[in-house]
S.K.: 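The structure under discussion is supplied below as structure tokens; questions concerning it will follow.
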Amino acid sequence: MADEWKEMYKKPKEYPAQDTGPLLFYNDLVIDHFTTPCNVGELESPDGRAVVGDPSCGDQMMVTIKIDDNRIVDIRFKSYGCPGAIATSSMMTELAKGKTIKEALTLTDDDVVIALGGVPEKKKHCSLMGVTGLQEALKDYLQVSMHPRL
């Protein structure tokens with residue numbers, strides 16, 4: 001009885017069945033937003049602009065917005081990053097377009113992840129970049145609108 005523990009280590013331990021897909025599995029919606037992202041580019045004469053990045057992984061993006069009557073009427077992004085960063089940035093633009101400034105400022109990275117039907121755990125930080133870019137572009141707009149450039 002004293003040596004039973006040795007027997008435990010001789011047999012391969014059985015684990016419950018787990019996802020056998022790749023470590024970074026992206027669902028079809030994420031793949032679609034990566035391969036054919038929405039609202040890519042840069043607006044001419046934007047009302048707000050921001051460049052943000054994640055030094056830990058090297059991703060970077062720029063967001064430009066047009067505001068009319070306190071509402072985001074157009075939004076574009078350019079991104080240098082992984083599929084997760086591009087897909088979440090694309091979805092962020094879709095969620096932000098048409099929202100008031102106040103509504104857009106309440107968007108969270110969780111909103112983006114939920115709208116995409118989930119992203120791999122190791123890529124959830126990528127969703128922060130799009131939301132951060134949106135918030136910074138809105139801050140830029142609010143600062144410019146309070147103190148117009150000459």
Side-chain angles (χ1 to χ4, degrees), residues 9 11-149:
Y9 291 99
K11 298 179 200 171
K13 190 169 184 176
E14 292 186 30
Y15 294 96
Q18 295 183 4
D19 182 11
T20 57
L23 186 58
L24 294 177
F25 174 77
Y26 294 107
N27 67 41
D28 290 341
L29 185 56
V30 173
I31 292 169
D32 186 48
H33 273 272
F34 167 62
T35 57
T36 55
C38 305
N39 307 304
V40 173
E42 181 177 355
L43 295 170
E44 282 189 36
S45 304
D47 295 317
R49 180 180 184 279
V51 176
V52 297
D54 183 349
S56 70
C57 65
D59 293 351
Q60 186 175 17
M61 75 172 298
M62 177 183 58
V63 177
T64 53
I65 55 174
K66 281 281 191 186
I67 306 287
D68 187 28
D69 196 26
N70 204 39
R71 191 170 292 277
I72 299 173
V73 293
D74 205 356
I75 183 170
R76 297 278 185 261
F77 82 98
K78 285 185 175 180
S79 182
Y80 175 80
C82 68
I86 293 168
T88 57
S89 297
S90 173
M91 180 55 80
M92 175 278 297
T93 64
E94 289 292 282
L95 294 174
K97 192 182 282 188
K99 290 202 176 348
T100 65
I101 293 170
K102 186 177 180 180
E103 291 168 337
L105 284 169
T106 66
L107 282 176
T108 68
D109 56 314
D110 287 340
D111 295 330
V112 174
V113 169
I114 290 167
L116 282 170
V119 295
E121 192 63 37
K122 289 184 176 184
K123 291 297 178 178
K124 283 191 179 176
H125 71 279
C126 299
S127 63
L128 292 170
M129 196 168 60
V131 172
T132 301
L134 171 64
Q135 292 170 347
E136 292 298 316
L138 289 167
K139 278 187 207 175
D140 181 54
Y141 165 73
L142 292 170
Q143 289 173 350
V144 169
S145 65
M146 293 177 114
H147 304 286
R149 295 179 183 142

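Since the model is a prediction, treat every value here as computed from it, not as a measurement.
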S.K.: Measure across Leu43 and Thr64 and return the closest heavy-atom pair with its distance rounded to 0.1 Å.
M.R.: N-OG1, 3.0 Å
S.K.: Counting distance only, does the side-chain N/O of Gln143 pair as donor-acceptor with the main-chain N or O of Asp140 below 3.5 Å?
M.R.: no
S.K.: Hey, are the side chains of Leu107 and Val112 touching, using non-hydrogen atoms and a 4.5 Å cut-off?
M.R.: no
S.K.: Please check if the side chain of Asp69 supplies one atom and the backbone of Arg71 the other of a donor-acceptor pair under 3.5 Å.
M.R.: no
S.K.: What I'd like to find out is whether the side chain of Thr132 reaches to under 4.5 Å of the side chain of Met61, using heavy atoms alone.
M.R.: no
S.K.: What's the shortest heavy-atom distance between Leu138 and Ala104, and which atoms?
M.R.: CD1-CB, 3.8 Å
S.K.: Does Ile86 offer a backbone N or O that forms a donor-acceptor pair with the side chain of Ser90 under 3.5 Å?
M.R.: no
S.K.: Would you indicate whether Asp28, at its atom CG, is surrounded by more than 12 heavy atoms from other residues, nucleotides or ligands within a distance under 6.0 Å?
M.R.: no
S.K.: Answer yes or no: is there a side-chain heavy-atom contact under 4.5 Å between Ile67 and Ile72?
M.R.: yes
S.K.: Under the salt bridge (charged side-chain N to carboxylate O under 4.0 Å, His left out) definition, can you give me all pairs with a residue in residues 76-92, not counting sequence neighbours?
M.R.: Glu42-Lys78, Asp74-Arg76
S.K.: What heavy-atom pair brings Val52 and Met129 nearest, and what distance separates the two atoms?
M.R.: CG2-O, 3.6 Å
S.K.: Can you give me the closest heavy-atom contact between Ala137 and Ile65, atom names plus distance?
M.R.: O-CD1, 3.6 Å
S.K.: Measure the CG-CD1 distance between Asn70 and Ile101 for me, rounded to the nearest 0.5 Å.
M.R.: 4.0 Å
S.K.: Would you sort out whether Met91 and Val30 count as a side chain to side chain contact (heavy atoms under 4.5 Å, CB included), showing the intermediate values?
M.R.: CA-CA 9 Å; Met91 180 55 80; Val30 173; over 6 Å; no
S.K.: Check whether any side-chain N or O of Lys139 sits under 3.5 Å from a backbone N or O of Leu134 as a donor-acceptor pair, and report yes or no.
M.R.: no
S.K.: For the residue pair Cys38 and His33, what are the closest heavy atoms and their distance?
M.R.: SG-CE1, 3.8 Å
S.K.: Nearest 0.5 Å please: distance from the NZ atom of Lys97 over to the CE atom of Met92.
M.R.: 11.0 Å
S.K.: Closer than 3.5 angstrom, by distance alone: can the side chain of Thr93 be matched with the main-chain N or O of Asn39 as a donor-acceptor pair?
M.R.: no
S.K.: Tell me if a side-chain donor or acceptor on Asp109 pairs with a main-chain N or O of Val131 at a distance below 3.5 Å.
M.R.: no
S.K.: Are the side chain of Asp47 and the backbone of Tyr141 linked by a donor-acceptor contact shorter than 3.5 Å?
M.R.: no
S.K.: When rounded to the nearest 0.5 angstrom, what is the spacing between CZ in Phe77 and OG1 in Thr88?
M.R.: 8.5 Å
S.K.: If I compare all heavy atoms of Phe34 with all of Ala87, which pair ends up nearest, and what's the gap?
M.R.: N-CB, 4.0 Å
S.K.: Could you tell me the separation between the CD atom of Gln135 and the OG1 atom of Thr106, rounded to the nearest 0.5 Å?
M.R.: 9.5 Å
